[in-house]
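Written out below as structure tokens is the structure these notes cover.
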Number of protein chains: 2
Amino acid sequence: MNKYRDIGFKLTPQRLAILDYLEGNQQHPSAEDIYRAVLKTFPTISFATVYTTLAALKQKGKLLELSTDPSKKRYDPDTSCHSHLFCVSCKRVFDMPGEHTPVLPESVKRDFSITRSHVEFHGLCAGCKKNKSETSKEVAHVHRS
Amino acid sequence: MNKYRDIGFKLTPQRLAILDYLEGNQQHPSAEDIYRAVLKTFPTISFATVYTTLAALKQKGKLLELSTDPSKKRYDPDTSCHSHLFCVSCKRVFDMPGEHTPVLPESVKRDFSITRSHVEFHGLCAGCKKNKSETSKEVAHVHRS
DNA sequence: GTACGTGCAAAGGTTTTGCATTACA
DNA sequence: TGTAATGCAAAACCTTTGCACGTAC
């Protein structure tokens, strides 16, 4: 009777809270983000629970683990094919539009068994790009005076 | 008088050993791989030296830091545009041929400031794919008997 | 000579694990 | 009821940092 039943694992209240937090979430949260969010409704939840739940969801293909952020893993409930941009300034991860399915030579397709392809971009997001250019202007101004 | 002089940082014997190990290296070594390799000629080298040297090379654009292996950073002295495959079985990282420069919409190019794009593949390398299919055959055989 | 690199050890941050207890199915 | 999840704490890893000493330039 629960919308998450088809995942095929035990639906504990903690897991429901994690699933509710993840559903439709486009923030690409880290394990700690998820832990903190669920902590509000489950003051006793532990990282062990968070990590084992994430591992189970990953294994069932309901969650993507991103290594786009070099400092920690980020999670994405949107498992459809899309790319990501990591903003090196604000550390946020953004979904990127456009189709980037890489084309591989036949020889590679024959020899390797590829289960996933992923395109990553690093740079500045719109907000940080704007801030940075404004700061440069200020700096330039100071230098001029 | 040294071929590495143009990097523009102090050329200590430790750094020379690291540079020699990295040059032409297609293994995508981790920091520990590099540490262990240099340890043979420099029994006193420390991780601090390895990491600061890697950071300097990265900053000077002479080295790529890969997040293709989810468990640790891997380093690639080949900074030309190419893709990587991570073998989930043997944990090796392979260079992948073919051009996969992603095309982004104009709106994205205007709003974001992208400094790097990278295509990653996950799956099985040729050797592990072969091993795995042989193992399945054996398993199937056992189950039949 | 001086700024920068080295090496040691300790600390920091993320992720995993062992185990007794609890609870879903 | 039995299997699997929870929570706590400790440990395991990878990476960074502080500081005294040493060295390339």
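Since the model is a prediction, treat every value here as computed from it, not as a measurement. Computation of the quantities below employed the complete heavy-atom set of this structure, encompassing side-chain atoms and omitting hydrogens, waters and symmetry-equivalent molecules. All chains are named by letter (A, B, ...) in the order of the sequence lines, taking the proteins before the strands, and each is independently numbered beginning at 1.
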Minimum-distance nucleotide (side-chain atoms of Lys73(A) versus dC8(C), dT15(D), dT15(C)):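 My answer, after comparing the listed nucleotides, is dT15(C).
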Nearest-neighbour nucleotide for the Ala48(B) side chain, dG7(C), dT14(C), dC14(D) considered: dG7(C)
Phosphate oxygens OP1/OP2 of [N]: is one of them under 4.0 Å from a side-chain N or O of [X]?
{"X": "Ser46(A)", "N": "dC8(D)", "answer": "no"}
{"X": "Thr49(B)", "N": "dG5(C)", "answer": "no"}
{"X": "Arg15(B)", "N": "dT6(C)", "answer": "yes"}
{"X": "Tyr51(B)", "N": "dT15(D)", "answer": "yes"}
{"X": "Thr12(B)", "N": "dT23(D)", "answer": "no"}
{"X": "Gln14(A)", "N": "dG7(D)", "answer": "yes"}

Is [Y] close to [X] at the side-chain level, that is, under 4.5 Å between some pair of heavy atoms?
{"X": "Leu85(B)", "Y": "Val93(B)", "result": "no"}
{"X": "Val50(A)", "Y": "Val38(A)", "result": "no"}
{"X": "Lys3(B)", "Y": "Glu23(B)", "result": "yes"}

Starting from [atom2] on [N], measure out to [atom1] on [X] and report it in whole angstrom.
{"X": "Asp6(B)", "N": "dC25(D)", "atom1": "CG", "atom2": "P", "value": "13 Å"}
{"X": "Leu39(A)", "N": "dG7(D)", "atom1": "CG", "atom2": "C1'", "value": "12 Å"}
{"X": "Leu54(A)", "N": "dT16(C)", "atom1": "CG", "atom2": "C1'", "value": "13 Å"}
{"X": "Phe47(B)", "N": "dA11(C)", "atom1": "CZ", "atom2": "P", "value": "19 Å"}
{"X": "Arg74(B)", "N": "dC13(D)", "atom1": "CZ", "atom2": "C1'", "value": "15 Å"}
{"X": "Leu11(B)", "N": "dT6(C)", "atom1": "CG", "atom2": "C1'", "value": "15 Å"}
{"X": "Lys91(B)", "N": "dC13(D)", "atom1": "NZ", "atom2": "P", "value": "14 Å"}
{"X": "Phe42(A)", "N": "dT6(D)", "atom1": "CZ", "atom2": "C1'", "value": "11 Å"}

Hydrophobic cluster membership, Phe86(B) vs Leu64(B), 4.5 Å side-chain cutoff: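 Shared cluster, yes.
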Earlier contact from the 5' end, DNA chain C, for Pro43(B) and Ala56(B): Ala56(B)
Heavy atoms only, 4.0 Å cut-off, all strands: where does [X] land among base, sugar-phosphate and nothing?
{"X": "Ser71(A)", "answer": "sugar-phosphate"}
{"X": "Pro13(A)", "answer": "sugar-phosphate"}
{"X": "Lys72(A)", "answer": "sugar-phosphate"}

Earlier contact from the 5' end, DNA chain D, for Lys58(B) and Val50(A): Val50(A)
Phe9(A) six-ring face occupied by Arg15(A) cation (under 6.0 Å, within 45°): yes
N-O pairing of Glu65(A) and Arg116(A) below 4.0 Å: no
